[in-house]
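A note on names: the letters A, B, ... follow the listed sequences, proteins ahead of strands, and every chain is numbered from 1.
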Protein chains: 2
Amino acid sequence: MLLARKTLSRRAPRLRDPERTRQRLLQAASREVYRYGFQSAGLDAILAAANVTKGALYYHFESKEALGHAVIEEVVAKLQRDRWLVPLQQSKDKEPIDALIAVVQAIPARPKDVKGGCPLVNLTQEMSQLDEQFRKRLERIFHAWQEGIAAALRRGQHQGTVRRDLVPEETASLLIAMVEGYEVLAKNAQDVKVWNMGIRNIVGWLSSLRAPSKRRRG
Amino acid sequence: MLLARKTLSRRAPRLRDPERTRQRLLQAASREVYRYGFQSAGLDAILAAANVTKGALYYHFESKEALGHAVIEEVVAKLQRDRWLVPLQQSKDKEPIDALIAVVQAIPARPKDVKGGCPLVNLTQEMSQLDEQFRKRLERIFHAWQEGIAAALRRGQHQGTVRRDLVPEETASLLIAMVEGYEVLAKNAQDVKVWNMGIRNIVGWLSSLRAPSKRRRG
DNA sequence: CCAGCAACATACCGACCAGTATGTACTCTG
DNA sequence: CAGAGTACATACTGGTCGGTATGTTGCTGG
């Protein structure tokens, strides 16, 4: 009786579950924004997809902008962490170059994803110039991304498996540019083949970052 | 008297000059679309910038979409030709790699351009998934771009100045991806320094495409 | 010089859309 | 179990925007 019903069983279907409502809004909004862009995303479409009314939306979020900010911070940022940062940190047994190759190859190549492009790029293209609030939030994600890759490269340099002549941060930015650039090309072509070609070329380039194999530390 | 007044002197200021009106509309539209995206570009803002009324607009263009198509085909495509195709074709005296490096370094690095990003990417990100008419027009530009670079690389391979182990079309696509990718990064950062770093890294990579210098044909 | 079409100009319309005002029902606390 | 505040629901508004209907003027050929 003292504990919140939330932590107990679900016998009563809970007509009110604010956190769940918030999540439904975030998910619906991220899908709509992913597809049409932030400015062209309609609140009514989001509400219909989330099966939620306008009153609920404006209870949880101050404005459309606030909703967009939350999408970036909670949905887009999480996606990036799960696809890049976590795998890179968890594969300390592998050589960093191999880990990077694995991560690149693990980027979803389903038609849906290829045709939609990268959420980060979509939002950056649309909003970075127009809204400083959006820009800053996106920049944080880019920075964490670059730093994650750079850290892996530095580790490889210490190991002796990555060329010492390259600057980790700059090489990381180049990798990101390649990935994003190919996502743009694939999105324009609306064709998975273009993306697969991109992966091949990127992986080939990544291989060229290995230190010449004089001798490696086990 | 028989010749059109157009080809003669300008003593009468010509209140009606349909071709000039059309061009004013195209320029104003391309600026507005470049800044806000196609969907968010307002016709009224375009009309105000062009100092033209709605009646004139809809006399020259069937719809907003038609205006957008014209912007792509006449403004964006021309930009791409002038920056890439023409320079590459005109520098047959130089080695292709040097020509490519020169072209990359000649991409405008003014704050305005960096903050606005690449028109091609902007439009692709926004429209390729939503409108097949836009997509096809953009794809033609990308294809011509890639083909222009690939042709230069092939020429270098025949010369013996470009590595024979790389596939011209794929290498061209990788170069495009790098350029576009860095334009995205620089646009997000809203910082010219990021773009300059990109150029350095791209130029460094381009240098790695040279054939190992055994012996070159003059 | 005038008729007729080309090249505009102006006013207006209906749709859409973010945001709000206000009402209501669920749920937790005491 | 009552009352209060949380978590919604509904109806409406003001503004914007693409598009159109219709009027007007400059230009050109005859």
Side-chain angles (χ1 to χ4, degrees), chain A residues 1-26 28-29 32-33 36-71 127 130-131, chain B residues 1-8 10-26 28-29 32-33 35-71 127 130-131 133-134:
Chain A
M1 277 297 196
L2 288 175
L3 287 175
R5 186 74 49 89
K6 196 183 298 184
T7 61
L8 296 176
S9 66
R10 301 223 173 269
R11 59 192 57 166
R14 290 199 57 71
L15 297 182
R16 296 282 170 92
D17 189 341
E19 188 48 39
R20 186 159 177 276
T21 301
R22 213 187 101 96
Q23 290 304 320
R24 292 164 65 85
L25 281 168
L26 277 179
E32 189 78 4
V33 168
Y36 298 104
F38 174 76
Q39 300 181 88
S40 298
L43 287 189
D44 291 342
I46 294 173
L47 294 173
N51 203 29
V52 156
T53 62
K54 204 162 266 192
L57 170 67
Y58 278 94
Y59 175 79
H60 287 281
F61 300 96
E62 261 197 5
S63 63
K64 193 188 178 188
E65 274 71 34
L67 177 61
H69 296 163
V71 166
M127 300 303 296
L130 298 179
D131 188 310
Chain B
M1 278 300 197
L2 286 175
L3 287 176
R5 184 77 48 89
K6 197 183 298 185
T7 61
L8 296 175
R10 303 226 169 267
R11 57 192 57 165
R14 290 199 56 72
L15 296 183
R16 296 280 170 93
D17 188 340
E19 188 48 37
R20 186 159 177 276
T21 301
R22 212 187 103 96
Q23 290 303 320
R24 293 165 64 86
L25 281 168
L26 277 180
E32 189 78 5
V33 167
R35 171 145 193 119
Y36 298 104
F38 174 76
Q39 300 181 87
S40 299
L43 287 187
D44 291 341
I46 294 173
L47 295 173
N51 203 27
V52 156
T53 61
K54 204 162 269 192
L57 170 66
Y58 278 94
Y59 175 79
H60 287 282
F61 300 96
E62 261 198 4
S63 62
K64 192 189 178 189
E65 274 71 35
L67 178 60
H69 296 162
V71 166
M127 301 303 297
L130 298 179
D131 188 310
Q133 305 252 52
F134 273 79

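- In the region residues 45-55 of chain A, proximity to DNA chain D at under 4.0 angstrom, judged on heavy atoms, holds for A:Thr53, A:Lys54, A:Gly55.
- Checking D:dC8, D:dT20, C:dA18 against the side-chain heavy atoms of A:His60 singles out D:dC8 as nearest.
- For B:Phe61 and C:dA7, the CZ to C1' distance is 14 Å, given to the nearest whole Å.
- Straight-line distance from the CZ atom of B:Arg20 to the P atom of D:dC27: 13 Å, rounded to whole Å.
- Of all nucleotides listed (C:dT27, D:dG18, C:dG19), D:dG18 comes nearest to the side chain of B:Leu43.
- Between the CG atom of B:Asp44 and the P atom of C:dA9 there is a distance of 14 Å, given to the nearest Å.
- The shortest distance between side-chain heavy atoms of A:Leu57 and A:Ile46 does not fall below 4.5 Å.
- For the pair B:Leu26 and B:Phe61, the minimum side-chain heavy-atom distance is below 4.5 Å.
- Atom CG in B:Leu67 sits 11.5 Å away from atom NE2 in B:His60 (nearest 0.5 Å).
- D:dG18 atom C1' lies 21 Å from atom OH of B:Tyr59, rounded to whole Å.
- In this entry the distance linking NZ of A:Lys64 with C1' of C:dC16 reads 12 Å, nearest Å.
- Taking CG of B:Leu43 as the reference point, atom OH of B:Tyr58 lies at 5.0 Å (rounded to 0.5 Å).
- B:Lys54 places no side-chain N or O within donor-acceptor distance of the main-chain N or O of B:Leu47, the cut-off being under 3.5 Å.
- With distances taken from any side-chain atom of B:Arg16 to the nucleotides D:dG19, C:dA7, C:dA25, the minimum falls on C:dA7.
- Phosphate contact (OP1/OP2 of C:dC8, side-chain N/O of B:Thr21, threshold under 4.0 Å): present.
- Counting to the nearest Å, the C1' atom of C:dC16 and the CD atom of A:Glu32 are 14 Å from each other.
- Taking atom CG of residue B:Leu57 and atom C1' of nucleotide D:dT20, one finds them 12 Å apart after rounding to whole Å.
- If you take CD of B:Glu62 and P of D:dG18, they are 17 Å apart, rounded to a whole angstrom.
- Of all non-hydrogen atoms in B:Lys64 and B:Phe38, the two that sit nearest each other are NZ-O, 2.9 Å.
- Here the options are A:Asp131, A:Leu130, A:Val33, the test is side-chain contact (heavy atoms from CB on, under 4.5 Å), and the partner is A:Gln39; only A:Leu130 passes.
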